[in-house]
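Have a look at the structure below, then the notes.
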2 protein chains.
Amino acid sequence: MPSVEEFVESAGLYFERLGLSRTAGRVIGLLLVDPDDSADAPGLCERLGVAKSSMSVALGRLERSGLVERFRPPRGRRDRYRLTDDVFGRAFRAKMAEFAAFARLAEQGLAVVGDDATSRARLERMRDMYAFMGREFPGLLDRWDRENRTTGDGPASAGGVRDEFGEQGVPGVAR
Amino acid sequence: MPSVEEFVESAGLYFERLGLSRTAGRVIGLLLVDPDDSADAPGLCERLGVAKSSMSVALGRLERSGLVERFRPPRGRRDRYRLTDDVFGRAFRAKMAEFAAFARLAEQGLAVVGDDATSRARLERMRDMYAFMGREFPGLLDRWDRENRTTGDGPASAGGVRDEFGEQGVPGVAR
DNA sequence: TAGTTTGTTCGGATCGTTCCGAACAAACTA
DNA sequence: TAGTTTGTTCGGAACGATCCGAACAAACTA
């Protein structure tokens with residue numbers, strides 16, 4: 001019989017594999033199942049048993065990566081945090097930057113490798129494959145947006161592919 | 001002016017972000033640009049300046065993950081290692097397992113979350129999105145195989161999606 | 001059988017990351 | 001202005017992962 005706590009810990013593990021810290025992953029897990037659509041830092045520290053300094057860096061990273069957004073209610077005295085509307089869309093789109101990065105890595109290889117036919121063919125194949133995925137993956141996302149439009153909010157986050165994901169790009173979200 | 005060594009180090013960094021060890025990443029980098037289509041462990045240790053014990057575990061992981069295959073020439077006395085034909089296809093396919101995993105995480109969330117409509121909708125959306133990607137991504141790979149068939153070897157590695165990628169699944173290859 | 005080569009496993013050292021508590025800065029309150 | 005609350009930054013501790021050298025096992029050679 002699973003509990004909310006167990007789910008939060010699972011989420012921590014899952015998102016840690018995506019390159020986030022454990023704490024950041026647990027925050028996302030909590031925001032996913034919490035009835036309130038937002039939480040504040042002291043509350044998160046309390047519920048997750050984490051020092052506020054750690055929470056500060058975790059939330060800072062989550063915000064910079066675009067997974068969580070920070071806001072302050074009109075006359076409020078503390079920030080609140082909620083999941084971005086298109087959290088997972090962003091996660092997937094972050095993958096796309098990876099595709100491009102690996103295509104560039106292949107290019108770098110082509111620039112240094114000699115004229116050996118086999119090596120060149122291998123690197124060209126690598127480059128082309130990642131380029132292909134980088135080209136085609138957005139279409140998949142668009143199709144999902146199209147087929148699952150819930151409200152009239154248009155294609156969720158069609159713009160603003162965030163190239164930075166955390167400070168050094170998220171390793172692999174779609175993974 | 002880039003050199004082969006610099007490329008190998010870059011590859012080490014890139015593949016490290018995918019969840020491989022630095023050494024394993026450098027091995028892949030070297031195999032990518034090396035004119036010989038295979039290498040042996042002592043040679044890799046020499047060229048990469050790594051202890052043979054480290055090389056042993058790196059190669060073992062690469063082999064178990066399906067990125068590198070080990071073979072022994074007919075009357076040879078030492079193993080040789082080469083990139084799998086479909087290295088990157090495997091990498092991409094490993095991502096698919098991730099999709100399924102995150103869909104399951106969402107299910108776990110739905111099992112513990114109350115009846116709050118917003119939370120449930122968010123988790124259902126997460127589940128559906130990852131499920132969608134898990135369904136559709138293979139088609140993308142197949143299409144690439146179809147459009148880039150170089151020889152008559154059929155769709156490269158159509159079978160055998162490797163669920164384990166390293167011991168604990170590769171974080172994000174396609175990423 | 002003795003010796004060599006190849007590869008794996010083990011214990012300890014090293015490295016990078018995360019985390020905590022404390023100090024600090026900024027905004028608000030009384 | 002003094003005090004409180006919120007959030008960030010800093011130094012050090014703790015943890016995990018990798019790596020190395022050494023011991024070990026297995027296969028082959030002479």
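This structure is a prediction, so every number in the text was calculated from the model and none was measured. Numbered from 1 within each chain, the chains take letters A, B, ... in sequence-line order.
- If you take CG of B/L20 and P of D/dA17, they are 15 Å apart, rounded to a whole angstrom.
- Following rounding to the nearest Å, B/R77 (CZ) and C/dG3 (P) show an atom-to-atom distance of 17 Å.
- The pair B/D34-B/R47 counts as a salt bridge, with a side-chain nitrogen and a carboxylate oxygen less than 4.0 angstrom apart.
- Relative to the side chain of A/R70, the nucleotides D/dT29, D/dT8, C/dC20 differ in distance, and D/dT8 lies closest.
- Across all strands shown, C/dA2 is found opposite D/dT29 as a Watson-Crick or G-U wobble partner, with both distances under 3.5 Å.
- Residue-level contact check: A/A41 touches the backbone only, with heavy atoms under 4.0 Å from sugar-phosphate atoms and none from bases.
- Atoms CG (B/L59) and C1' (C/dT9) sit 15 Å apart, rounded to a whole Å.
- When distances run from any side-chain atom of B/R22 to the nucleotides C/dT6, D/dC20, D/dC19, the shortest one goes to D/dC19.
- Between the side chains of B/S21 and B/E16, no donor N or O sits under 3.5 Å from an acceptor N or O.
- Rounded to a whole Å, the CZ atom of A/R64 is 14 Å from the C1' atom of D/dG7.
- Of all nucleotides listed (C/dC20, D/dC19, C/dT18), C/dT18 comes nearest to the side chain of A/R61.
- Protein atom CG of B/L48 is 17 Å distant from nucleotide atom P of D/dT18, rounded to whole Å.
- Annotation: cation-pi pair B/R82/B/F71 present, NZ/CZ under 6.0 Å from the ring centroid and within 45° of its normal.
- Among the heavy atoms of the strands lying under 4.0 Å from B/G49 are primed sugar atoms or P, OP1, OP2 only; no base atom is included.
- A/D40 pairs with exactly one of A/R78, A/R72, A/R77, A/R70 by the salt bridge (Lys or Arg N to Asp or Glu O under 4.0 Å) rule, that one being A/R78.
- Between A/F102 and B/F15, the ring centre distance stays below 6.0 Å.
- When distances run from any side-chain atom of A/S53 to the nucleotides D/dT9, D/dT18, D/dG7, the shortest one goes to D/dT9.
- Look at D/dC24: its Watson-Crick or wobble partner, with both distances under 3.5 angstrom, is C/dG7.
- Rounded to an integer number of Å, the gap from OH of A/Y81 to C1' of D/dT8 is 10 Å.
- When distances are taken from the side chain of B/K52 to each of C/dG7, D/dT8, D/dC19, the shortest belongs to C/dG7.
- Atom CG of B/L44 and atom P of D/dC20 are 13 Å apart (whole Å).
- Comparing D/dT29, C/dC20, D/dG7 against the side chain of A/D79 picks out D/dG7 as the nearest.
- Atom P of nucleotide D/dA17 and atom CD of B/E16 are separated by 13 Å, given to the nearest angstrom.
- For a distance-only test at 3.5 Å, the side chain of B/S56 fails to qualify as a donor-acceptor partner of the base of C/dG7.
- For B/P42, the side-chain atoms get nearest to C/dG7 when compared with the rest of D/dC28, D/dT5, C/dG7.
- If you check every strand for non-hydrogen atoms under 4.0 Å, A/S21 touches sugar and phosphate atoms only.
- If you check D/dG12 for Watson-Crick or wobble pairing at under 3.5 angstrom, you find it paired to C/dC19.
- Aromatic rings of B/F92 and A/Y130 (six-membered ring for Trp) have centroids within the 6.0 Å cut-off, being under it.
- Checking C/dG7, D/dT5, D/dT9 against every side-chain atom of A/V57, the shortest atom distance belongs to D/dT9.
- The residue A/D40 sits apart from the nucleic acid: no heavy atom pair falls under 4.0 Å.
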